[in-house]
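Input: one structure, supplied below.
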Amino acid sequence: VGDAQITNANIGTAQVDTLQIAGEAVVVPRAQYNPNSVAIKGNGDRVKLFTVSLETIGNAVSISLGFERIYGSFNAESTSTYTFYIKLYRNGVETKSYKILVSSIPSENLITKHTINSQLLALPVLLDIPPSGVNVYEVYVSWGESSDSRSKDESIRVTGASIQLLGVKR
């Protein structure tokens with residue numbers, strides 16, 4: 001049979017070489033990528049990297065987050081540990097948080113240089129079970145504390161951030 005057009009069919013067993021299902025009938029893919037460098041001030045304020053909407057029917061959503069590079073350095077007068085946060089929200093509620101500790105490197109003048117340099121960072125794949133309807137996923141990053149005046153003018157940068165969501169419909 002060459003080309004065929006079938007409106008309805010009941011097939012017990014089928015072998016298909018290429019399968020193309022229209023209208024996101026099985027999986028709903030969403031992805032965003034930002035190649036630009038984004039500065040995150042060290043005052044604890046969140047910086048939004050992504051907002052992605054996905055309509056679901058209550059089934060699983062697979063979420064992948066990645067970064068080509070997270071980098072920066074700043075001076076401080078102590079050997080305090082600073083934390084870089086990556087947080088995922090669904091409909092305004094935090095669903096997952098990752099912490100990356102910023103290391104300290106002592107220097108000759110007793111000022112401590114804090115550095116972070118992570119390349120090709122891929123976080124573990126998340127599995128979310130959202131409610132039916134349109135769900136809004138947001139990714140925020142932050143570092144430092146609001147009470148830390150020493151790091152407020154220093155920035156850590158994120159380059160090549162990406163998010164991929166795959167919503168399962170069937």
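From a predicted model like this one, the values you see are computed outputs, not experimental measurements.
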For this session: Give a yes or no on whether the backbone of G44 and the side-chain of W143 come within a donor-acceptor separation of less than 3.5 Å.
Result: no

CG of L65 to CG of L121, rounded to nearest 0.5 Å, is 9.5 Å

Quiz item: Would you say the side-chain atoms of T56 pair up with the backbone N or O of P131, donor to acceptor, closer than 3.5 Å?
Solution: yes

When rounded to the nearest 0.5 Å, the distance separating CG of L165 from CG of L54 is 6.0 Å

*Residues forming a salt bridge (Lys or Arg N to Asp or Glu O under 4.0 Å) with R69, sequence neighbours excluded*: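 Partners of R69 under the salt bridge (Lys or Arg N to Asp or Glu O under 4.0 Å) test: none.
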
Q | Transitive ILVMFWY side-chain link V38 to I100, under 4.5 Å | A |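 Same cluster: V38 reaches I100 through Ile, Leu, Val, Met, Phe, Trp or Tyr contacts under 4.5 Å.
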
_I'd like to know if the side chain of N8 reaches the main chain of I6, judged simply by a donor and an acceptor atom lying under 3.5 Å from each other, with no hydrogens or angles considered._
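The answer is no, because no donor-acceptor pair under 3.5 Å joins these two groups.
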
Under a 3.5 Å distance rule, please check whether S62 uses its side chain to pair with a backbone N or O of L127 as donor and acceptor.
no

Do you know which two heavy atoms are closest between S132 and G58, and how far apart they sit?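 Answer, listing the atom of S132 first, then G58: OG-N, 3.4 Å.
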
If you group Ile, Leu, Val, Met, Phe, Trp and Tyr by side-chain heavy-atom gaps below 4.5 Å, do V125 and I163 land in one group?
no

**Request:** Mind listing the closest non-hydrogen atom pair of A161 and L49 along with its distance?
**Result:**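 Reported closest heavy-atom pair: CB-CD1, 4.1 Å.
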
One should read off an interatomic distance between T95 OG1 and I63 CD1, to the nearest 0.5 angstrom, of 6.0 Å

Item to check | Derivation and outcome, side-chain contact (heavy atoms from CB on, under 4.5 Å), residues I156 and I70 | outcome: CA-CA 7 Å; I156 288 180; I70 300 172; 3.9 Å; yes

*Run the side-chain contact (heavy atoms from CB on, under 4.5 Å) check on I86 and F67 step by step: do they pass?*
CA-CA 11 Å; I86 303 167; F67 303 88; 3.6 Å; yes

Going through the checks in order, is the side-chain hydrogen bond (donor to acceptor under 3.5 Å, both in side chains) test met by S37 and R157?
CA-CA 6 Å; S37 179; R157 304 190 79 76; 2.8 Å; yes

Inset, instruction - Return the minimal non-hydrogen interatomic distance between F84 and I40, and the atom names on each side. - result: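 Smallest heavy-atom distance, with atoms named: CE1-CD1, 4.5 Å.
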
Residues at least two apart in sequence or cross-chain that pass side chain to side chain contact (heavy atoms under 4.5 Å, CB included) with S162, listed by chain then number, are Y33

Across all chains, not counting sequence neighbours, the salt bridge (Lys or Arg N to Asp or Glu O under 4.0 Å) partners of E68 are none

### Task
Output yes when a side-chain donor or acceptor of D128 lies under 3.5 Å from a complementary backbone atom of V61, and no otherwise.
no

Derivation and outcome, side-chain contact (heavy atoms from CB on, under 4.5 Å), residues V136 and T51: CA-CA 7 Å; V136 178; T51 300; 3.7 Å; yes

Sorted by chain and residue number, the side chain to side chain contact (heavy atoms under 4.5 Å, CB included) partners of E94 (sequence neighbours excluded) come out as K87, Y89, S97

Checking I129 against N59 for the side-chain contact (heavy atoms from CB on, under 4.5 Å) test, could you report, in this order, the C-alpha distance in whole Å, the side-chain angles of both residues, the deciding distance, and whether it holds?
CA-CA 6 Å; I129 310 294; N59 289 339; over 6 Å; no

Worksheet item: Among all residues two or more places apart in sequence or in another chain, which pass the salt bridge (Lys or Arg N to Asp or Glu O under 4.0 Å) test with K48?
Response: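 With sequence neighbours excluded, K48 shows a salt bridge (Lys or Arg N to Asp or Glu O under 4.0 Å) to E138, given in chain and number order.
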
Review point. Hey, any chance Y140 and L123 share a hydrophobic cluster, counting ILVMFWY side chains that come within less than 4.5 Å of each other, even indirectly?
Key: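 The answer is no; the residues belong to distinct hydrophobic clusters.
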
Restricting to non-hydrogen atoms, name the atom on A39 and the atom on V47 that form the minimum distance, rounded to 0.1 Å.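 Here A39 and V47 meet closest at O-CG2, 4.2 Å.
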
| Atom pair CG (L126) and CZ (R90), whose distance is rounded to the nearest 0.5 Å |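 So the CG of L126 and the CZ of R90 are separated by 11.5 Å.
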
Item to check | Which residues share a side chain to side chain contact (heavy atoms under 4.5 Å, CB included) with A122, sequence neighbours left out | outcome: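 Listed in chain order: nothing, the list is empty.
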
